Every structure is written in structure tokens, then in C-alpha cells.
Enquirer: 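Take a look at the following structure, please.
The figures that follow rest on heavy atoms only: side chains count, while hydrogens, waters and symmetry mates do not. None of these values were measured; they are calculated from a predicted model.
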Amino acid sequence: MAPGRKLLPPRWFALASLPLLLAAAAAIAIVSRSATAPTAQGAPPTGIHKIQHVVIIMQENRSFDSYFGTYPGADGIPRAKGQISVCLPDRSGGCVRPYHDYNLANGEGPHNQADTIADVNQGRMDGFLLQAQKQYRACAHAGNDPTNPACVGTGPGGPSAVLGYHDAREIPNYWAYARNFVLQDHMFEPNNSWSRPTHLYMVSEWSARCSRPGDPSSCVNDNLVNLPASGASRQRSSPAAPEDYAWTDMTYMLYRNHVSWAYYVAQGTQPDCATGASKCPVQNQYVGTPSIWNPLPAFDTVQRDHQTANVQPVSHLFGAAQSGSLPSVSWVVPNDKVSEHGPFPVDAGQAYVTQIINAIMQGPDWSSTAIFVAWDDWGGRYDHVAPPRVDQNGYGLRVPGLVISPYARPGYIDHQTLSFDAYNKFIEDDFLGGQRLDPKTDGRPDPRPDVREAQPILGDLARAFNFDQTPAQPMVLNPNPGLTPAGPQGPLASRAATTSH
């Protein structure tokens with residue numbers, strides 16, 4: 001860190017003041033170091049093992065085309081003769097083309113499993129606008145009841161907001177990361193459903209429902225978990241009821257192999273509805289309360305291993321980054337204000353993510369860290385690539401993916417087929433000697449349908465790195481690069497994100 005430079009936590013959280021945060025850093029460091037697997041003495045690490053800290057930052061509800069559909073060299077929105085060549089049907093019998101959306105706060109479309117199927121439409125990728133219009137109309141007929149699952153927050157642009165895309169004018173920092181590190185243009189949501197199953201996949205490679213607490217054999221495949229019945233507000237089960245996830249999650253493997261981990265939660269209110277509805281009253285989000293974005297406290301393995309304290313406020317991440325005590329594996333999830341979930345503004349989410357990345361880059365652990373940034377599902381927004389079929393649960397729609405590390409290939413576009421399963425595969429290869437979250441070998445049999453990391457179609461995240469290159473220096477960006485939205489007749493004025501090398 002440069003002399004005299006201070007790390008300021010994001011302004012959107014109820015964090016401790018900086019002096020208190022710094023005072024707590026030493027204590028956090030002691031806890032983190034005590035849980036970290038010992039570093040082997042002797043020869044320095046080589047290859048993938050140069051990465052000693054993996055940080056997965058998961059944001060909300062953006063398709064690849066909505067953020068990087070016009071990024072040079074990426075598999076973006078189809079064009080012919082320099083013009084967008086796709087036009088999606090609407091209810092009037094006409095069609096609407098994807099367009100540049102200069103608004104920083106955007107509406108979105110319905111995004112549960114049925115909407116995945118309708119949006120993909122047997123590979124035609126043309127159901128996005130029709131689904132948004134259908135839900136918008138149902139909401140209007142229901143009197144715009146915000147608790148009705150049929151209501152969709154359309155925001156600026158009405159239902160056609162699902163066809164809007166951004167570029168470097170609205171999200172300059174995300175584009176700067178892509179230009180200087182790695183952009184993944186075939187990263188798919190691991191399941192063809194919504195946020196809760198996706199976050200379960202992120203930490204456990206499966207989404208299920210268990211009938212007997214503590215018994216993995218009682219778990220059955222469930223890619224809908226707590227979704228309301230179609231067209232009704234009645235829930236299949238109460239989202240407020242205590243959840244018990246009895247199958248095996250990644251932290252079980254990490255704990256057994258003495259690998260430290262943390263799950264950092266931006267406390268406040270949740271980005272979405274616990275039932276999968278498009279709108280609902282706001283719900284609190286705290287580290288000790290299991291929720292869609294904080295599932296680990298409800299896993300039996302976390303409780304039995306006495307690891308629930310590893311679920312921490314995101315303020316602890318800033319302390320660990322500054323003191324050089326990042327855990328080996330970290331997950332980071334947002335609250336609603338900084339999630340980029342519609343209708344919350346993209347610049348707030350970008351600033352939050354930038355602050356996290358800046359803190360890591362300015363800390364002692366940057367030289368051995370890999371940061372992965374992704375968005376948990378597509379949010380009903382247009383994407384033109386049909387997802388591959390892997391099993392009965394996925395894949396889902398394509399989302400943006402970024403790899404940020406001193407060893408990330410600079411300016412590289414990774415075209416491999418990937419999903420969040422690749423994150424766990426990378427963790428297993430780096431810290432667990434290639435062990436897999438496999439009920440036949442991991443010591444906790446459960447009836448999951450397959451071992452996702454072993455799918456032949458899944459790419460290898462290690463290919464996004466060059467472990468022999470000269471390590472990249474930190475690229476510290478301005479979290480608030482001065483975006484000034486303008487009308488459709490004028491360009492979006494912005495000051496370039498400042499960098500330091």
C-alpha cells in the first residue's frame with residue numbers, strides 16, 4: 001500500500017468507522033491465520049498453486065449481452081453490416097431490437113425456471129420481451145400489488161428494458177477489468193432457475209430439499225426451491241421456515257483439509273424475494289440468518305464443524321485484505337442497494353465491487369490472489385446464446401464473468417464453456433489435490449444426480465491464467481468515475497476511470 005493511503009469501506013453499508021475497522025484488523029488477522037492451511041516449506045509454489053487466495057464476488061441479474069454484448073472480440077449481440085441484426089417479437093405482432101440503455105437504473109424481466117424455458121424457446125432465444133410483457137400485463141390487471149409474484153419491476157423503458165444493454169459509458173470499470181485482465185464470454189448460470197438454487201450451486205454443486213434434518217440420503221433434487229406456484233401468490237413452502245441443507249457443501253471439504261474460508265455478506269436488505277416473486281416487501285439480510293444469498297448457516301456440515309462464525313460482514317473482508325490475512329477461499333454477496341438487481345443502479349454495484357477489488361489489490365495478498373466476478377442469473381434480460389444441456393438442472397442463461405489476478409492473461413477473452421461449477425473445480429485443484437465434491441469419495445454420500453466438476457463440457461479456469469508471466473501490478477480504479485446519464489439523443493458523458501500501476 002502506498003504510504004499514507006487509506007482504505008475506505010463502501011459508503012452503502014453500516015460499517016464501523018475506519019479507525020475501528022483498522023483496530024479490528026489485527027484480531028481478524030489472528031482468526032484468519034489460525035484457520036489457514038499451513039504453507040509448505042521449501043520450494044516456492046508453481047502453476048495454479050501460486051494462487052493462495054480465491055475470492056468469488058457474486059452480483060445480481062445481468063446477462064452477458066446486457067453488459068458485454070458490444071465488447072470487441074466477444075461473442076456479443078448478432079450484427080450484420082455493422083447493425084444489430086436480431087429483432088425480438090412482441091405482443092403487438094411486431095418486434096423490437098436490443099438497444100443501448102443509458103439509464104443507470106434498469107427494469108428487468110421475470111426469471112424463474114419457466115421463464116428460462118420461455119426465453120430460450122427451443123434455442124431461438126426470442127422469448128425475453130414476450131415474457132416481460134406478459135408479466136407486466138398480469139401485474140397491471142392485479143392492481144400493481146407489489147406482493148403479487150406476477151408483478152415485475154420494469155423501471156425505465158417498460159417491458160422492453162429487458163432488451164437494453166450497457167457499455168463502457170455506464171460500466172467503465174467492468175470494461176477496464178475486461179481490457180486488462182480476462183473476460184469470459186461463455187459463463188453460464190449453473191442451473192436453469194433463479195437465485196436461490198444458483199447460490200446453493202455456488203457453494204455445494206447442487207440444489208435440493210431434505211425431508212430429515214442431518215440426513216443427506218433424505219435430500220431430493222429440487223431446482224425450484226420455494227418458488228410460488230405458477231400464476232399464483234401461494235407458496236409451496238414458507239420462505240420464513242428454517243431451512244436445513246443436509247447434503248455436502250464445499251466448506252466440508254475445505255474444513256477437512258484445513259483450508260480456511262469465509263463467506264462475506266453485505267448486511268442490509270435482500271436483493272430479491274425469498275419466494276422467487278418479482279416484487280415483495282423488503283427483507284432483512286444478516287450474517288447469522290440463513291437466506292437466499294446466505295445459505296451456509298443452514299448447512300449441517302457448517303454447523304457440525306462449528307464454522308458458522310466464518311460467515312461474516314463484508315467489513316471484515318476489508319480488514320483481512322489490508323492486514324494480509326485473506327482466507328484461502330472467500331465468497332462475497334451484496335445487499336440490494338449494491339446488487340445491480342433491477343431497479344438498483346449499476347453504478348452503485350460497480351462502485352461496491354471496485355472498492356472490494358481495490359482493497360485486495362492494495363493489500364499484501366494481491367500477489368497470490370485470483371478474483372472471480374460473476375452475476376448470479378440473467379434477470380430476464382436478453383442474451384443470444386442458447387445454454388448447453390448438461391443434466392436436468394442446467395445450464396441456465398449466460399452471464400458475465402471476469403478473472404482478475406496478477407497471473408490473469410492480459411486482455412484475454414476466454415471462450416471456454418464455463419459455469420459456477422468451474423469455481424469449485426479450480427478450488428479443488430488448487431487446495432484439495434483435485435478431490436471432487438463426489439458422494440462416492442467425499443465421505444458423505446448424498447443422492448445428487450451427478451458430479452458437476454466432472455462434466456466433460458466444463459472448461460478449466462486455469463487456462464485463463466499464465467503462471468509464468470510477469471505478475472501484473474495493481475490497477476486501482478476510481479469507484480465513482482463521474483457517470484452523468486444523458487437522454488437518448490446525447491452521449492453519456494463520463495470521465496475515464498483513473499488507474500494507477
Enquirer: Should Q362 and V476 count as side-chain neighbours, where that means a heavy-atom distance under 4.5 Å?
Expert: yes
Enquirer: For A178 and L183, work out which heavy atoms get closest and say how close.
Expert: CB-CB, 3.9 Å
Enquirer: Looking only at non-hydrogen atoms, find the nearest pair between F188 and G396 and report the distance.
Expert: CD2-O, 3.4 Å
Enquirer: For the residue pair N173 and T354, confirm or rule out a side-chain donor-acceptor distance under 3.5 Å.
Expert: yes
Enquirer: For F299 together with Y245, are the ring centres under 6.0 Å from each other?
Expert: yes
Enquirer: Just so I know, are the side chains of S330 and I56 near enough to count as touching, which here means a heavy-atom distance under 4.5 Å?
Expert: no
Enquirer: Between N192 and Q113, is any side-chain donor less than 3.5 angstrom from a side-chain acceptor?
Expert: yes
Enquirer: Strictly distance-based, threshold 3.5 Å: is any side-chain N or O of Q133 a donor or acceptor partner for the main-chain N or O of P159?
Expert: no
Enquirer: Applying side chain to side chain contact (heavy atoms under 4.5 Å, CB included) to V399 and F64, what does each step give before you reach the verdict?
Expert: CA-CA 4 Å; V399 297; F64 183 87; 6.0 Å; no
Enquirer: Do P313 and V287 come close enough that some side-chain heavy atom pair is under 4.5 Å?
Expert: yes
Enquirer: Is a side-chain donor or acceptor of H53 paired with a backbone partner of D365 at a separation under 3.5 angstrom?
Expert: no
Enquirer: Say you draw a straight line from OH of Y263 to OG1 of T251; how long is it, rounded to the nearest 0.5 Å?
Expert: 11.5 Å
Enquirer: What's the verdict on ring pair (Phe, Tyr, Trp, His ring centres under 6.0 Å) for Y382 and Y165, showing C-alpha distance, side-chain angles and the deciding distance?
Expert: CA-CA 9 Å; Y382 172 71; Y165 63 82; 9.6 Å; no
Enquirer: Please report the shortest heavy-atom distance between A348 and V338, naming the atom on each side.
Expert: O-CG1, 3.9 Å
Enquirer: To the nearest 0.5 Å, what is the distance between CD on E189 and CZ on F420?
Expert: 6.5 Å
Enquirer: Whether the side chain of N103 engages the backbone of A105 through a donor-acceptor N/O pair (distance < 3.5 Å, no angle test) should be reported.
Expert: no
Enquirer: Are any of the side-chain heavy atoms of Q350 and P481 separated by less than 4.5 Å?
Expert: yes
Enquirer: Can you tell me if H166 and N106 form a side-chain donor-acceptor pair at under 3.5 Å?
Expert: yes
Enquirer: When you measure from the side chain of S193 to the backbone N and O of N112, does any donor-acceptor pair fall under 3.5 Å?
Expert: no
Enquirer: Evaluate the side-chain proximity of E170 to D347: yes if any heavy-atom separation is below 4.5 Å, no if none is.
Expert: no
Enquirer: Can you give me the closest heavy-atom contact between I292 and H199, atom names plus distance?
Expert: O-CB, 3.4 Å
Enquirer: Starting from the C-alpha separation in whole Å, work towards a yes-or-no answer on ring pair (Phe, Tyr, Trp, His ring centres under 6.0 Å) for Y423 and F426.
Expert: CA-CA 5 Å; Y423 298 144; F426 187 92; 8.9 Å; no
Enquirer: Is the closest side-chain donor-acceptor distance between D75 and H186 under 3.5 Å?
Expert: yes
Enquirer: We want to know whether D249 and W206 form a side-chain donor-acceptor pair, criterion being a heavy-atom distance below 3.5 angstrom.
Expert: no
Enquirer: Applying the side-chain hydrogen bond (donor to acceptor under 3.5 Å, both in side chains) criterion to Y201, which one of N393, D376, N223, N424 satisfies it?
Expert: N393
Enquirer: What distance separates L326 CG from I371 CD1, expressed to the nearest 0.5 Å?
Expert: 8.5 Å
Enquirer: Assess whether side-chain hydrogen bond (donor to acceptor under 3.5 Å, both in side chains) is satisfied between N191 and T198, documenting all intermediate values.
Expert: CA-CA 6 Å; N191 58 287; T198 296; 3.0 Å; yes
Enquirer: Work out which heavy atom in S260 is nearest to a heavy atom in S328; give both atom names and the distance.
Expert: OG-N, 2.9 Å
Enquirer: I'd like to know if E108 and R381 make a salt bridge, using a cut-off of under 4.0 Å between side-chain N and carboxylate O.
Expert: yes
Enquirer: Any side-chain donor paired with an acceptor under 3.5 Å for N358 and Q355?
Expert: no
Enquirer: So, D391 and R452, do they make that salt bridge, N to O below 4.0 Å?
Expert: yes
Enquirer: Can you check whether E340 reaches Y67 side chain to side chain, under 4.5 Å on heavy atoms?
Expert: yes
Enquirer: Please evaluate residues V373 and I357 with respect to the criterion side chain to side chain contact (heavy atoms under 4.5 Å, CB included), reporting the C-alpha separation (whole Å), side-chain torsions for both, the decisive distance (0.1 Å), and the verdict.
Expert: CA-CA 10 Å; V373 184; I357 295 172; 4.3 Å; yes
Enquirer: What class does the angle between the rings of Y174 and W375 fall in, given that below 30° is parallel, 30 to 60° is tilted and above 60° is perpendicular?
Expert: perpendicular
Enquirer: What are the two closest heavy atoms between P190 and S419, and how far apart are they?
Expert: CA-CB, 4.1 Å
Enquirer: So do the side chains of V120 and M125 get within less than 4.5 Å of each other, counting heavy atoms only?
Expert: yes
Enquirer: Give me the ring orientation class for Y71 and F68: parallel if the planes are under 30° apart, tilted from 30 to 60°, perpendicular past 60°.
Expert: perpendicular
Enquirer: Using 0.5 Å steps for rounding, measure from the OG1 atom of T369 to the CD1 atom of I404.
Expert: 11.5 Å
Enquirer: Run the numbers on W293 and N335 for side-chain hydrogen bond (donor to acceptor under 3.5 Å, both in side chains), then give the verdict.
Expert: CA-CA 9 Å; W293 295 270; N335 63 24; over 6 Å; no
Enquirer: Hey, are the side chains of L163 and L129 touching, using non-hydrogen atoms and a 4.5 Å cut-off?
Expert: yes
Enquirer: Between N310 and Y264, is the side chain to side chain contact (heavy atoms under 4.5 Å, CB included) condition met? List the steps.
Expert: CA-CA 8 Å; N310 290 29; Y264 295 109; over 6 Å; no
Enquirer: For the OG atom of S204 and the CH2 atom of W247, what is their distance to the nearest 0.5 Å?
Expert: 5.5 Å
Enquirer: Nearest 0.5 angstrom please: H384 NE2 to D65 CG, how far?
Expert: 5.5 Å
Enquirer: Under the criterion side chain to side chain contact (heavy atoms under 4.5 Å, CB included), I'd like the reasoning laid out for V333 against W331: C-alpha separation, chi angles, the key distance, then a yes or no.
Expert: CA-CA 7 Å; V333 294; W331 295 272; 5.6 Å; no
Enquirer: Would H111 and D377 count as having a side-chain donor-acceptor pair, cut-off 3.5 Å?
Expert: no
